[in-house]
K.L.:
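Before anything else, here's the structure in question.
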Amino acid sequence: MHMAGKRNNKTKPSTASPTSPSSSKKLKREGVKPEKEAASPDPRFVGNPVPEDEARRRWPNRYQSKGKKQQASSKSSDSKDDSDEIISAKCHYLQAEVDGHIIYNLYDDAHVKAEDGEDSYICRIVELFEGVDATLYFTAQWYYRAKDTVIKDAYPLEKKRVFFSEIQNDNPLDCLLEKLKIVRLSLNEDLEKKKKAILSCNYYCDMQYLLPYSTFVNLPPDNRKASSGSLSTISSDSDVNMVCSDDAEVCQNSKNKSEASLLDLYSGCGAMSTGLCLGANMSGLNLVTRWAVDLNKFACESLSFNHPETEVRNESAEDFLSLLKEWEKLCMRFCLVSTGERKLEAYPFDTEDSDENEQDQNDEDEDDDEIFEVEKILQICYGDPKEKDEPGLHFKVKWKNYGPDYDSWEPIQGLGNCREAMEEFVKNGYKSRILPLPGDVDVICGGPPCQGISGFNRFRNINNPLEDEKNKQLIVFMDIVNYLKPKFVLMENVVDILKFAGGFLGRYALGRLIEMNYQTRLGMMAAGAYGLPQFRMRAFLWGAQATEKLPQYPLPTHDVIVRGVVPVEFEGHTVAFDEGSNVELERKLLLEDAISDLPSIENNEHRDEMPYGKGPQTEFQRLIRLRKDEILGCKVVGKSCSLLYDHRPLELNNDDYQRVCRIPKKKGANFRDLPGVRVRPDNKVEWDPEVKRVYLDSGKPLVPDYAMSFVNGSSSKPFARLWWDETVPTVVTRAEPHNQAIVHPTQDRVLSIRENARLQGFPDYYKLFGPIKERYIQVGNAVAVPVARALGYSLSLAFQGSSSSLEPLFKLPEKFPNVLDNISSTSSEEGS
C-alpha cells in the first residue's frame, strides 16, 4: 500500500468525547422522566431574552435558517459533537431555572444527567436558548475526568482534577442536575495556593484536552461571550489573573535566549540528539547536547567521538538519577546551591579535625606500611564502576606522589582527609556543569527501553506492564524529568508502546507528564516520510512546561510505502496530511538513492576507513556526505573529508557465505530460488521430491531447515536480496540473513554498517566504535536522524515562541532540510 503522507480524517481519536449525554436527550424527547421528578416544576428561562441583534452577533449559526435544523458550518464542526446539525433558535437567554429552585447562569458549571450507573457528566453552560420548536435547550461544553481521556486508568491523577474540552452539544434544559464550583487555575500555580483553592471546590481545572494527538495544553484565555462554535474559556474575571502568561510575554522571554542545553537519556550513539541539534540550528536555536547517558560503553564511545562538547556518562539511568541527587547535596555543602529548608547530612570530610583523626588512625594501624594522601579528585559516579552492586558515591582519586596507574575509585566513606580536594572538585565541576542541577536542563530527550512489550518476550505482563522489570526504565525516565524539570521533554519509543496491553505504557507516560504539570501531545511518525528509504514508524511524546509553547509535529515531506500495522485505537495519531488534502510531496526514496555511490566491498572487508572512489549520484547522497560544519552553515577553510567510515559488513561464516553466493542477483531473489525448494499454490514452500538435496562443503544442507519452516513456510525473507527500487521495512540491530532481507542487491554480502547508517540518515561524518555487531546494534537502535532533525526544527520554533500550541501539526520549509543557501552543491564532491 502506498501512502502519500495522508491519513483518514474520519478516523476517531482514541477517546472521542466524554460519554455523550445523548441518552438523556432521548429520554426527554420521548417524554420519559424518573418518577421522583414528576412533580417538579417545568424548567424555564428567567428574565428577558438577549436582544435579537446581540444574539445574532454572538450565536450567528442559530439564526441562519427558519427551519429547526441546518448543516453545521465548518467553523463549528470541529467543536460540535453533533456536527451534522444545528438547532435553530427562536431567542437566547442568560438565566434558567430548573427543578423550581436552582438558577443557572450562562457560563456556570454544572452536573448533567448520565445513563444509569454512570457518573454524571460535567459541563460548562455556553448557551441558553429556546429552539424554534419551542424546546428549551442549553449548550454544554464538556469537561473530561482523567478516566474519560486517553490516559484512562493507566495513571491515577487527582480525582478532583478535570480537563476542559472543545466538545460541545445541545441538550434539553431539564438534563441539568446541579451547579458546580470548578476552580480554574494556572498550570504552574503555586502549590500551596492550589491546595487552598482545591479545598473549597467540587473540581479544579488547569488544562484543556484537545482530541487531536491527545493534546493537553494551558487553558485558553477568557472569552465569556464566545459563540457556541468557538473555543470556550475561563468563567470568571478572577480566574483570568490565574492563567499563564500570554503568548506575547512567553515569546519575548524565549527570544532572549539563543542557546539551549540538552540531556540525552538512553542516548545510544547519539542519533536523536544529533538530529535535534541539527534541526534546531536550522531554525535559529543553538541547541547543544551537554550531557548524555547510556549503559552501552561502545555507544558512549561513539557519542564522545562525534560530540566532544558532551559530558558522556556510561552508567545506568537509575545510578545517574541517584548521582544527580547526591551532586546537588555536595553543591549545597559548599554553598553553591541554596539549601532551602533542607538539613544536610554530614560528610566524612566535614569534621574539622578529620585530617588529624586520619593521621592518628594511620599511626595506630601497624599493618599499614604506606600512607596514601589524596592529591586530587578526578571523577565522580554512583556505585563502584568495578563492583556494580556496591551503591553510594564513589570518586576517582589521584594519590599524592603516585602516578596515574595508582588512580583508584574510592567510596566517599573512606575519604575523610580530603576536604580541600573535594571542595576544589565540586566547585570546578559546578562551574563547568559536569552534571546538571534542577533547572539547568532546557530539553530532555530519550527512548527508555521497554523490552517487556516485545513479542519475543514470552512472559509479558499484560495485566500490569509496569511490574515487569523490563519496563521499569519508563518510570526512571519520568523520575529524572520530575527531578530536573526541563522546559521541554521528547520521549521516543516503538509503536508497540501504544499496542501492548491497550497502550497502557503510552497512557502512563502521558499521565506522568500531566501529573508533573507538563503540557503534552502524542504522535507517531514514519521515518520514510522525512526522506529515507525505510518505513520505520515510531511514537513520539512531547512535553512542555506551562510557560512554554508545546511543540508541534512536522508534517511529512516525502511519499513513503506503508509497512506494518498502526495501532487501531491510535490511528488518528499518525502524523500525516488529512485524506483528500491537495498536497505534493517529494517522491519516496529508494535503496538506490541512498547507497548506490558506495564502493564495492567483499564479505571479508576489514577496513574501517576507505576512499569514496566516486562522487555522489543523488541529492540524498550529496547531503549525507556533508561535513558537520557544512550542515550547520559554518564557513571553514579546508576540504571535505575524503574518507568513508564503517563501510564494512558483518563477515558471514563459510556456510552462509556460500548460500548468499548462490542467491541470484535479481529482484525478489531469496532462498526459494535455491535448488530443492518448491513453492506451492498457497505460497508456502515444500521440498521438491524430484530434486536431490544439495549440501555445502561443510556437509550442511544448502537450504537449512529453519528457512523452510520460518513463519510456517510462508516467508520469503531468509537469505533475501534487497533491490535498488525497493525500500526496507526498518533497519534492524542484527545483520544475520537467516530470517530477514538484508543481502546486498548485487554483492555477495549483507548490507554494511555504513549502508545501514545511510538508511537511518546518519551523516557520513558520523564514526562508530566497538565490535562490528555492536556497531550494527547502535545503528539499528537509533532514532532516524531526519525525523529527529524535523522535530528539532519544531522544538526551536516552540522554544522561541513562534509556534502554535493548539495546532498539532505544521509544514516544514520547502525542500527541507536543504534550505541553507550557502551549501554548495559540489562541496561533497571533493573527496571523489
K.L.:
Between Asp170 and Arg62, does a salt bridge (Lys or Arg N to Asp or Glu O under 4.0 Å) hold up when you go through it step by step?
P.N.:
CA-CA 12 Å; Asp170 304 325; Arg62 300 290 186 190; 2.8 Å; yes

K.L.:
With ring pair (Phe, Tyr, Trp, His ring centres under 6.0 Å) as the rule and sequence neighbours excluded, what pairs involving residues 168-208 come up?
P.N.:
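Found His111-Tyr203.
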
K.L.:
Looking at Gln519 and Asn218, would you say the former's side chain and the latter's main chain have a donor-acceptor pair under 3.5 Å?
P.N.:
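Side chain of Gln519 to backbone of Asn218: a pair is present.
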
K.L.:
Is it the case that the ring center of Tyr137 lies less than 6.0 angstrom away from the ring center of Phe129?
P.N.:
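Yes - the distance between ring centres of Phe129 and Tyr137 falls below the 6.0 Å cut-off.
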
K.L.:
Quick one: NZ on Lys179 to CG on Asp109, what's the gap to the nearest 0.5 Å?
P.N.:
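If I round to the nearest 0.5 Å, the distance is 10.0 Å.
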
K.L.:
I'd like to know if Arg58 pairs up with Glu54 as an ion pair, taking the criterion as any Lys NZ or Arg NE/NH1/NH2 lying under 4.0 Å from an Asp or Glu carboxylate oxygen.
P.N.:
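Salt bridge between Arg58 and Glu54, a charged N being under 4.0 Å from a carboxylate O: yes.
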
K.L.:
Are any non-hydrogen side-chain atoms of Glu97 and Ile102 less than 4.5 angstrom apart?
P.N.:
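The answer is no, as the side chains (C-beta and beyond) never meet within the 4.5 Å cut-off.
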
K.L.:
How close do Tyr518 and Pro486 get, heavy atom to heavy atom, and via which atoms?
P.N.:
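Tyr518 and Pro486 have their closest heavy atoms at OH-O, 2.6 Å.
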
K.L.:
Kindly say whether Lys193 contributes a backbone atom to a donor-acceptor pair with the side chain of Asp190 at under 3.5 angstrom?
P.N.:
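Indeed, once roles are kept as given, a pair shorter than 3.5 Å links the two residues.
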
K.L.:
Any side-chain heavy atom of Leu176 sitting closer than 4.5 Å to one from Leu173?
P.N.:
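Yes, side chains in contact.
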
K.L.:
For the side chain of Thr215 and the backbone of Pro212, is there at least one donor-acceptor N/O pair under 3.5 Å apart?
P.N.:
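Side chain of Thr215 to backbone of Pro212: a pair is present.
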
K.L.:
Between Asn482 and Arg512, what is the shortest heavy-atom contact and its length?
P.N.:
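For Asn482 versus Arg512, the nearest heavy atoms are CB-NH2, 4.3 Å.
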
K.L.:
Search all heavy atoms of Gln552 against all heavy atoms of Glu807 and return the closest pair with its distance.
P.N.:
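Closest heavy-atom pair between Gln552 and Glu807: NE2-O, 2.9 Å.
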
K.L.:
Would the distance check show the side chain of Tyr104 and the main-chain N or O of Glu178 forming a donor-acceptor pair, the cut-off being under 3.5 Å?
P.N.:
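Checking the backbone N and O of Glu178 against the side chain of Tyr104, a donor-acceptor pair under 3.5 Å is found.
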
K.L.:
Is there side-chain contact between Thr149 and Phe216, with heavy atoms separated by less than 4.5 Å?
P.N.:
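Yes, their side chains come closer than 4.5 Å.
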
K.L.:
Does the side chain of Val787 reach to within under 4.5 Å of the side chain of Phe540, using non-hydrogen atoms?
P.N.:
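Touching, per the 4.5 Å side-chain cut-off.
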
K.L.:
Would you find a donor on one side and an acceptor on the other, under 3.5 Å apart, between the side chain of Ser805 and the backbone of Leu550?
P.N.:
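Yes, because the side chain of Ser805 sits within donor-acceptor range (under 3.5 Å) of the backbone of Leu550.
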
K.L.:
Working note: Asp153 + Arg507, criterion salt bridge (Lys or Arg N to Asp or Glu O under 4.0 Å); need CA distance, chi angles, decisive distance, verdict.
P.N.:
CA-CA 8 Å; Asp153 59 352; Arg507 301 178 198 277; over 6 Å; no

K.L.:
Do NZ/NE/NH1/NH2 and the carboxylate oxygens of Lys487 and Glu548 come within less than 4.0 Å?
P.N.:
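So Lys487 does not pair with Glu548 through a salt bridge.
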
K.L.:
With no hydrogens and no angle check, is any side-chain donor or acceptor of Lys811 less than 3.5 Å from a backbone partner on Pro554?
P.N.:
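Checking the backbone N and O of Pro554 against the side chain of Lys811, no donor-acceptor pair under 3.5 Å is found.
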
K.L.:
Which heavy-atom pair separates Val783 from Ala788 by the least distance, and what is that distance?
P.N.:
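Closest heavy-atom pair between Val783 and Ala788: CG1-CB, 4.2 Å.
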
K.L.:
Could you check whether any side-chain heavy atom of Lys549 comes within less than 4.5 Å of a side-chain heavy atom of Ser803, counting everything from C-beta outward?
P.N.:
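Counting from C-beta outward, Lys549 and Ser803 do come under 4.5 Å.
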
K.L.:
Taking only Lys NZ, Arg NE, NH1 and NH2, and the carboxylate oxygens of Asp or Glu, determine whether Glu158 and Lys195 approach each other closer than 4.0 Å.
P.N.:
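Judged by the 4.0 Å cut-off on N to carboxylate O distance, Glu158 and Lys195 do not form a salt bridge.
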
K.L.:
Counting distance only, does the side-chain N/O of Asp108 pair as donor-acceptor with the main-chain N or O of Asn105 below 3.5 Å?
P.N.:
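Indeed, once roles are kept as given, a pair shorter than 3.5 Å links the two residues.
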
K.L.:
Could you check whether His573 and Tyr553 have their ring centres less than 6.0 Å apart?
P.N.:
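Centroid distance Tyr553-His573: not below 6.0 Å, so no.
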
K.L.:
If you define the side chain from C-beta out and look only at heavy atoms, does anything of Val183 sit under 4.5 Å from Cys205?
P.N.:
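No, side chains not in contact.
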
K.L.:
Taking atom OG1 of Thr139 and atom CD of Glu127, what is their separation to the nearest 0.5 Å?
P.N.:
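Answer rounded to 0.5 Å: 3.5 Å.
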
K.L.:
Indicate whether any N or O donor in one side chain lies under 3.5 Å from an N or O acceptor in the other, for Trp142 and Asp148.
P.N.:
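There is no such pair (donor and acceptor under 3.5 Å, judged by atom type) between the side chains of Trp142 and Asp148.
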
K.L.:
Kindly compute the distance separating OH (Tyr121) from CZ (Arg145), expressed to the nearest 0.5 Å.
P.N.:
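Reported to 0.5 Å precision, the distance equals 10.0 Å.
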
K.L.:
For Ile151 versus Ala146, what's the shortest heavy-atom pair and its separation?
P.N.:
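Smallest interatomic distance, heavy atoms only, reads CB-O, 4.2 Å.
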
K.L.:
Salt bridge check, Arg161 against Asp206: does any charged N sit closer than 4.0 Å to a carboxylate O?
P.N.:
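Looking at Asp206 and Arg161, the cut-off is met.
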
K.L.:
Calculate, to the nearest 0.5 Å, the distance between atoms CG and CG belonging to Asp468 and Leu505 respectively.
P.N.:
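Result: 9.0 Å between the selected atoms.
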
K.L.:
How about Tyr209 and Phe163: are their ring centres within less than 6.0 Å of each other?
P.N.:
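Centroid distance Tyr209-Phe163: not below 6.0 Å, so no.
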
K.L.:
Apply the test salt bridge (Lys or Arg N to Asp or Glu O under 4.0 Å) to residues Lys499 and Glu571: give CA-CA distance (whole Å), side-chain angles for both, the deciding distance (0.1 Å), then the verdict.
P.N.:
CA-CA 11 Å; Lys499 291 182 184 178; Glu571 186 178 4; over 6 Å; no

K.L.:
Could you pull out all residues at least two apart from Gln473 that satisfy side-chain contact (heavy atoms from CB on, under 4.5 Å)?
P.N.:
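With sequence neighbours excluded, Gln473 shows a side-chain contact (heavy atoms from CB on, under 4.5 Å) to Tyr266, Ala317, Glu318, Pro448, Pro449, Val476, given in chain and number order.
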
K.L.:
Against Trp542, only a single residue in Leu513, Leu522, Val489, Leu791 fulfils side chain to side chain contact (heavy atoms under 4.5 Å, CB included); can you say which?
P.N.:
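So the option named by the test is Leu791.
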
K.L.:
Ile122 vs Ile182, test: side chain to side chain contact (heavy atoms under 4.5 Å, CB included). Steps then yes/no.
P.N.:
CA-CA 10 Å; Ile122 308 170; Ile182 299 180; 3.7 Å; yes

K.L.:
Do Ser88 and Tyr63 have side chains that approach each other closer than 4.5 Å (heavy atoms only, starting at C-beta)?
P.N.:
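A side-chain contact under 4.5 Å is absent here.
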
K.L.:
Counting only heavy atoms not in Lys90, do more than 12 sit closer than 6.0 Å to its NZ atom?
P.N.:
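Counting neighbours around NZ of Lys90, 12 or fewer heavy atoms of other residues, nucleotides or ligands fall under 6.0 Å, so no.
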
K.L.:
For the atom pair CG (Leu185) and CD1 (Ile198), what is the distance rounded to the nearest 0.5 Å?
P.N.:
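Interatomic distance, Leu185 CG to Ile198 CD1, rounded to 0.5 Å: 6.5 Å.
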
K.L.:
Please check if the side chain of Ser165 supplies one atom and the backbone of Ile167 the other of a donor-acceptor pair under 3.5 Å.
P.N.:
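Judged by distance alone, yes, a pair lies under 3.5 Å.
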
K.L.:
Compare all side-chain heavy atoms of Asn493 with those of Cys450 and state whether any distance is below 4.5 angstrom.
P.N.:
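Side-chain contact under 4.5 Å: yes.
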
K.L.:
Quick test of your reading of the model: are Arg44 and Asp174 salt-bridged, counting only N-O distances below 4.0 Å?
P.N.:
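No, this pair does not count.
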
K.L.:
Please enumerate all residues that pass ring pair (Phe, Tyr, Trp, His ring centres under 6.0 Å) together with Phe488, with sequence neighbours excluded.
P.N.:
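Partners of Phe488 by the ring pair (Phe, Tyr, Trp, His ring centres under 6.0 Å) criterion, ordered by chain and then number, come out as Phe799.
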
K.L.:
Between Lys194 and Glu189, does any side-chain N to carboxylate O distance fall below 4.0 Å?
P.N.:
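So Lys194 does not pair with Glu189 through a salt bridge.
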
K.L.:
Which atom names give the shortest non-hydrogen contact between Arg521 and Leu806, and what distance separates them?
P.N.:
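Nearest heavy atoms, Arg521 then Leu806: NH2-O, 3.8 Å.
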
K.L.:
Looking at Ala546, is its backbone amide N or carbonyl O close enough to the side chain of Asn188 to form a donor-acceptor pair, meaning the two atoms are under 3.5 Å apart?
P.N.:
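The answer is no, because no donor-acceptor pair under 3.5 Å joins these two groups.
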
K.L.:
Is the backbone N or O of Leu510 less than 3.5 Å from a side-chain atom of Thr520, with the two atoms forming a donor-acceptor pair by type?
P.N.:
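Here the side-chain-to-backbone pair does not exist.
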
